[in-house]
*Asks:* 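Pasting in a structure now, in structure tokens, and then I'll have a few things to ask.
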Amino acid sequence: MPTDDRSLTPERVLDAYRTVLRARALDDRRFVLNRAGKLAFIISPRGHEVAQVAAITALEPGRDRFCLYYRNFAAALACGFTPEELMLSAFARASDPSSGGRQTPGNFGSRRRGVIIGSSTVGPQIPKAAGIGLALKWRGEGGLCFVSFGEGATSQGDFHEGMNFAAIHRCPVIFFCENNHWAISVPQRLQVAGPGVAERAGAYGIPGVRVSGDDFFEVYRVVAQAASRARAGEGPTLIEADVLRLQSHSTDDDQRAYRDADELAAEAARDPIPRMRDALIDRGWLTPEGDRRVGEEVSREVERATEAAEAAPDPDPASLARHVYADG
Ligand SMILES: Cc1ncc(C[n+]2csc(CCOP(=O)(O)OP(=O)(O)O)c2C)c(N)n1
């Protein structure tokens with residue numbers, strides 16, 4: 001596996017950029033559909049997209065396992081979920097591949113993509129990932145488990161249990177904390193004691209790395225390095241990606257009620273997507289005209305995905321107890 005950005009071809013990065021734009025455009029559409037009363041509830045990845053897609057780009061969907069959390073909409077796209085599949089989940093349709101419309105959207109699951117479905121509870125994917133990492137180590141096929149969560153989750157016991165277990169058994173796990181500095185309305189200073197999350201790795205004797213989540217190339221680099229360590233049998237790494245929460249916690253929340261208006265405006269001006277676009281233009285990998293074309297293609301994809309998902313049938317009420325009780 002690559003350990004630096006030299007192996008990132010322009011094609012791979014442009015593909016990742018398209019995924020980032022797809023995530024943003026789909027999410028914007030989901031927001032409008034929610035306000036129109038067509039979708040019950042969604043959690044936005046706005047501000048996290050670049051970090052999420054960069055991380056998954058450094059890994060191997062199909063070989064690796066992914067324990068994603070509810071804000072990982074862009075990561076799910078990078079793992080191979082299609083726009084239509086994610087819209088089916090948003091509309092809670094029968095053909096939603098994650099749960100047949102049973103879970104809240106944001107609980108991503110796909111056996112063939114190695115994405116292990118979670119729940120909306122904060123934290124339990126973390127010890128689960130440690131166990132999956134141990135199983136992958138025993139299998140000896142070089143796969144690893146990537147697990148993501150917010151900084152709020154690091155004050156749960158699950159975080160410490162998962163880190164401790166994975167460190168003791170040198171499990172091939174990447175702990176990826178997306179620190180947006182807010183857990184709903186609770187700021188980091190009331191949630192995370194000490195200077196931050198990355199420092200906590202030292203207590204378990206594993207590397208802890210802090211990275212700017214708006215820098216595609218840096219996030220790719222640190223995740224690729226953590227992957228190399230994991231595949232070489234050197235154990236887990238904790239990565240803390242500093243990101244912005246550019247949208248309220250969920251569509252049921254309004255962050256203007258508890259966040260400073262100037263701070264929100266300043267963060268909106270630091271949107272990571274234009275930064276990624278500019279980096280690609282600077283490298284000569286993208287032109288403004290090419291950017292416009294990708295944007296238009298993505299808009300058409302969103303149209304098609306929305307129409308298909310809206311027209312898809314709801315789950316059959318007779319199947320309500322399926323996967324809850326044994327059939328028959
Ligand atoms: C165990 C548990 N406690 C509380 C909640 C309610 N809850 C849902 S999301 C959330 C905030 C988590 O914040 P963070 O981990 O920082 O992730 P973010 O949503 O900011 O990405 C809380 C408290 C929950 N779902 N599960």
Side-chain angles (χ1 to χ4, degrees), residues 23-24 27 30-31 34 40-56 66-78 99 102-108 117-129 146-163 174-201 208 210-214 219 238-260 263-264 267-268 270-272:
R24 177 64 63 89
D27 184 57
R30 292 191 312 169
F31 189 83
N34 167 271
F41 170 79
I42 55 154
I43 297 190
S44 172
R46 200 180 184 86
H48 291 229
E49 301 98 327
V50 168
Q52 291 179 11
V53 175
I56 305 297
F66 300 87
C67 292
L68 303 180
Y69 87 115
Y70 48 78
R71 206 172 293 287
N72 281 149
F73 188 72
L77 281 168
S99 71
R102 286 161 165 76
Q103 283 257 37
T104 48
N107 287 301
F108 309 101
I117 198 156
S119 68
S120 302
T121 317
V122 167
Q125 75 276 24
I126 304 172
K128 203 194 285 180
F146 171 89
V147 57
S148 50
F149 45 88
E151 83 289 352
T154 70
S155 60
Q156 294 281 115
D158 293 34
F159 171 76
H160 304 284
E161 292 169 35
M163 293 271 292
I174 299 177
F175 295 97
F176 191 74
C177 176
E178 299 177 27
N179 185 354
N180 62 24
H181 309 280
W182 290 88
I184 311 186
S185 56
V186 181
Q188 179 176 336
R189 73 188 159 77
L190 296 178
Q191 182 76 241
V192 181
V197 174
E199 287 76 4
R200 294 183 171 188
R210 183 172 292 112
V211 64
S212 181
D214 63 355
V219 176
L238 171 64
I239 297 169
E240 176 183 5
D242 195 345
V243 293
L244 301 173
R245 195 184 80 188
L246 296 180
Q247 188 51 282
S248 298
H249 173 74
S250 73
T251 44
D252 286 357
D253 176 39
D254 183 353
Q255 61 180 345
R256 291 172 301 183
Y258 54 84
R259 291 188 66 184
D260 180 68
E263 181 192 310
L264 285 174
E267 288 198 358
R270 289 170 47 214
D271 186 339

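Keep in mind the model is a prediction, meaning the values are calculated, not measured. Just follow the structure's listing: the first ligand is 1, and inside any ligand the first atom is 1. Computation of the quantities below employed the complete heavy-atom set of this structure, encompassing side-chain atoms and omitting hydrogens, waters and symmetry-equivalent molecules.
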*Asks:* Mind checking what residues have non-hydrogen atoms under 4.0 angstrom from ligand 1?
*Replies:* Y69, Y70, R71, S120, T121, V122, G150, E151, G152, A153, Q156, N180, W182, A183, I184, H249

*Asks:* For R259, check salt bridge (charged side-chain N to carboxylate O under 4.0 Å, His left out) against everything at least two apart and list the hits.
*Replies:* E263, E267

*Asks:* Once you round to the nearest 0.5 Å, how far does OG1 of T104 lie from CD1 of I42?
*Replies:* 12.0 Å

*Asks:* Before you tell me yes or no, could you show the steps for R30 and D27 under salt bridge (Lys or Arg N to Asp or Glu O under 4.0 Å), namely the whole-Å CA-CA distance, both residues' side-chain angles and the distance that decides it to 0.1 Å?
*Replies:* CA-CA 5 Å; R30 292 191 312 169; D27 184 57; 2.9 Å; yes

*Asks:* Hey, what do you get for CZ (F146) to CZ (F176), rounding to the nearest 0.5 Å?
*Replies:* 5.0 Å

*Asks:* Give, for atom OH of Y258 and atom OG of S248, the distance between the pair rounded to the nearest 0.5 Å.
*Replies:* 5.5 Å

*Asks:* OG of S99 to CZ of F108: how many Å apart, nearest 0.5 Å?
*Replies:* 11.0 Å

